[in-house]
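A short write-up of the structure that comes next.
Each chain gets a letter, A, B and so on, in the order its sequence line appears, and its residues count up from 1.
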Amino acid sequence: LAKTTQPISMDSYEGQEVNITCSHNNIATNDYITWYQQFPSQGPRFIIQGYKTKVTNEVASLFIPADRKSSTLSLPRVSLSDTAVYYCLVGDKDSGAGSYQLTFGKGTKLSVIP
Amino acid sequence: DTGVSQNPRHKITKRGQNVTFRCDPISEHNRLYWYRQTLGQGPEFLTYFQNEAQLEKSRLLSDRFSAERPKGSFSTLEIQRTEQGDSAMYLCASSPGVDVDETQYFGPGTRLLVL
């Protein structure tokens, strides 16, 4: 499984756009990039997943350059409730009969300031 | 269906006691996973079930740990002879188990404190 590197922490003011970048230099051809969000005392929650270029959903956008060695999670106009830990994961989505074991790093602790 | 549920949410036990946690996955999800999370760290994979079959176990899962999923629905994780190092959040997740969507949906976790 490809190792990921992301900042340990970030601060942002309410209403700003937040971009969290994750490095995954050893990403494999079949690997997808997935981001999870975790609030204190809760389980992680899936945010977004992508393979290349740009993916957007109702909560975030994911930008993946052509070489796929990094990715950027973009959160538009953050609010206090976006304060959480954000994890970047890389893994093979097509697991067939095998598992899709998730490997979490320490994540990025985002603090949104009023 | 309201998602993955776990019981109890909190458990305090004395060293040497046995504890059992329960996980109810999202209905009709074939795959079920157990993770452990300590303070300041991301979740670590423990084990995985495809229906009732336990297909993968991490080296973290010592012989004091056992997990079951007897009818391919709910699962239990038992820790025998608990140690203080077992104190952690134990998370359960489930996924549909079809090739297209393997997104894992996590429960709220069971926080274990071993005194």
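- In this structure, Tyr35(B) and Phe104(A) have side chains that are in contact, with non-hydrogen atoms separated by less than 4.5 Å.
- When the side chains of ILVMFWY residues are joined at heavy-atom separations under 4.5 Å, either directly or via intervening members, Phe46(A) and Met89(B) end up in a single hydrophobic cluster.
- No more than 12 heavy atoms of other residues, nucleotides or ligands lie within 6.0 Å of CZ in Arg15(B), so this atom counts as exposed by the packing criterion.
- Closest approach of Ser41(A) to Arg9(B), counting heavy atoms only: O-NH2, 3.6 Å.
- The local environment of CD1 in Ile12(B) is sparse, with at most 12 non-hydrogen atoms from other residues, nucleotides or ligands closer than 6.0 Å.
- Distance check: Gln38(A) CD to Phe106(B) CZ gives 8.0 Å after rounding to the nearest 0.5 Å.
- Heavy-atom distances place no part of Glu44(B) under 4.5 Å from chain A, backbone and side chain included.
- The distance from the CZ atom of Arg45(A) to the CD atom of Gln104(B) is 16.0 Å, given to the nearest 0.5 Å.
- Contact of Tyr36(A) with chain B is made through the side chain alone, with heavy-atom distances under 4.5 Å.
- Around the CG atom of Leu115(B), the shell of radius 6.0 Å holds more than 12 heavy atoms that belong to other residues, nucleotides or ligands.
- Between Phe45(B) and Leu102(A) the shortest heavy-atom distance is CB-O, 4.3 Å.
- Shown here is Leu39(B), whose CG atom has no more than 12 heavy atoms of other residues, nucleotides or ligands within 6.0 Å.
- The number of heavy-atom neighbours closer than 6.0 Å to CD of Glu68(B), taken from other residues, nucleotides and ligands shown, is 12 or below.
- Counting all heavy atoms, side chain and backbone alike, Gln41(B) lies closest to Tyr87(A) at O-OH, 3.7 Å.
- Contacts of Pro43(B) with chain A are made by both backbone and side-chain atoms, with heavy-atom separations under 4.5 Å.
- Smallest separation of non-hydrogen atoms from Pro44(A) and Leu91(B): CD-CD1, 4.0 Å.
- Residue Tyr48(B) is not grouped with residue Ile79(B) when hydrophobic side chains (ILVMFWY) are merged at heavy-atom distances under 4.5 angstrom, including chains of intermediate members.
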